[in-house]
Amino acid sequence: MTNAPKRDVLVSEVGPRDGLQSIQAIMPLAAKKAWVTAAAAAGVPEIEVGSFVPAHILPQLADTAELVAHALTIAGLSVAVLVPNFKGAQAAVASGAHKLTLPLSVSETHSLRNLRRNHAQMLDEVRQIAALIKSLPAGQRPHFEGSLSTAFGCTLEGVVPEQRVVELAVALMEAGCDEVGLSDTTGYANPAQVKRLIKSIWSAVGRDQLSGIHLHNTRGQGLANVVAALDMGLTTIDASLGGLGGCPFAPGASGNIVTEDLVFMLEAMGLRTGIDLDALFAVREIVSAALPGEPLYGMTPLAGLPLGFVPATTKQHQ
Ligand code: ZN
């Protein structure tokens, strides 16, 4: 008999990647390891631990390979990384990470600015990565997701046509991704748009090919957008501990949606995450001690759990 909790929703912690890449301070490797260990011990099933980008571009994530090696020692933890291109994917495959996510900006202007590649060039990288993964023995192939970033709007191009998002979802699948993900990089999304886009992508590539969403809370729509995605039937939600990373465009607003508030909402709604909230709140101490002066967001850790609150994950053990 296994003790692994049953989960209705997979919460993927992206703080060590998305959070840390957005702030100036560089978290020491020992603190990153402690964070990953404590989050996994709290029941977080998947952690995006870093990104395989050159250290001169993101010195905050220069130790990604070491952190992957550490995370792989934690039984049951799914270890995810971001890769910007084929070269990054080679390093990611060598590291042994379980999941590779390649961001493809639907806004070509953003793609050129961010990764210096247009869509055709990015899709070439995807094809090379897919071939590399296919060349590995069946049991050693990482899961390969193409993430449609700026899918809900772009700070450079403004409105992003939904048809364009769908076309690129199809192109990513044809180029060899295992699935696509939706990403509101800019915090532009609203719940109606979330539902519409999921529906359109599903009808173009199939329901099993889109299961996750990455949301930012820049305009306070984060959890409302999560509920919209859940209503549609998505099952993987990215979030960042303490909403780490903030948002340069909206002072005082968190960047990614806050893991603690997300887990509280899901558990209160009767959806099991397998995550222990008190243990999760305690992880904040590790992160804040390692990043002095860096604000951590989140309402639930400050307000505390409601009197008499029983999380859905606990109920299953009773
Ligand atoms: Zn993000």
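If you read the sequence from its start, that first residue is 1, and numbering goes on from there. We count ligands from 1, going down the list as the structure has it; atoms in each ligand are counted the same way.
A side chain to side chain donor-acceptor pair (under 3.5 Å) with Asp238 is found for one member of Arg17, His214, His216 and no other, namely His214.
Residues satisfying the side-chain contact (heavy atoms from CB on, under 4.5 Å) criterion with Ala130, sequence neighbours excluded, are Phe144. Applying the side-chain hydrogen bond (donor to acceptor under 3.5 Å, both in side chains) rule to Glu267 yields the partners Thr273, Thr313; only residues at least two apart in sequence or on another chain are considered.
Pairs passing the salt bridge (charged side-chain N to carboxylate O under 4.0 Å, His left out) check and including a residue from residues 89-98, sequence neighbours excluded, do not occur.
Neighbouring protein atoms of the Zn ion (ligand 1) (N, O or S, distance under 2.8 Å, waters ignored): Asp18 OD2, His214 NE2, His216 NE2.
Distance alone, capped at 3.5 Å, places no donor-acceptor pair between the Thr150 side chain and the Cys154 backbone.
Side-chain contact between Gln193 and Tyr188 is absent, with no heavy atoms from C-beta onward closer than 4.5 Å.
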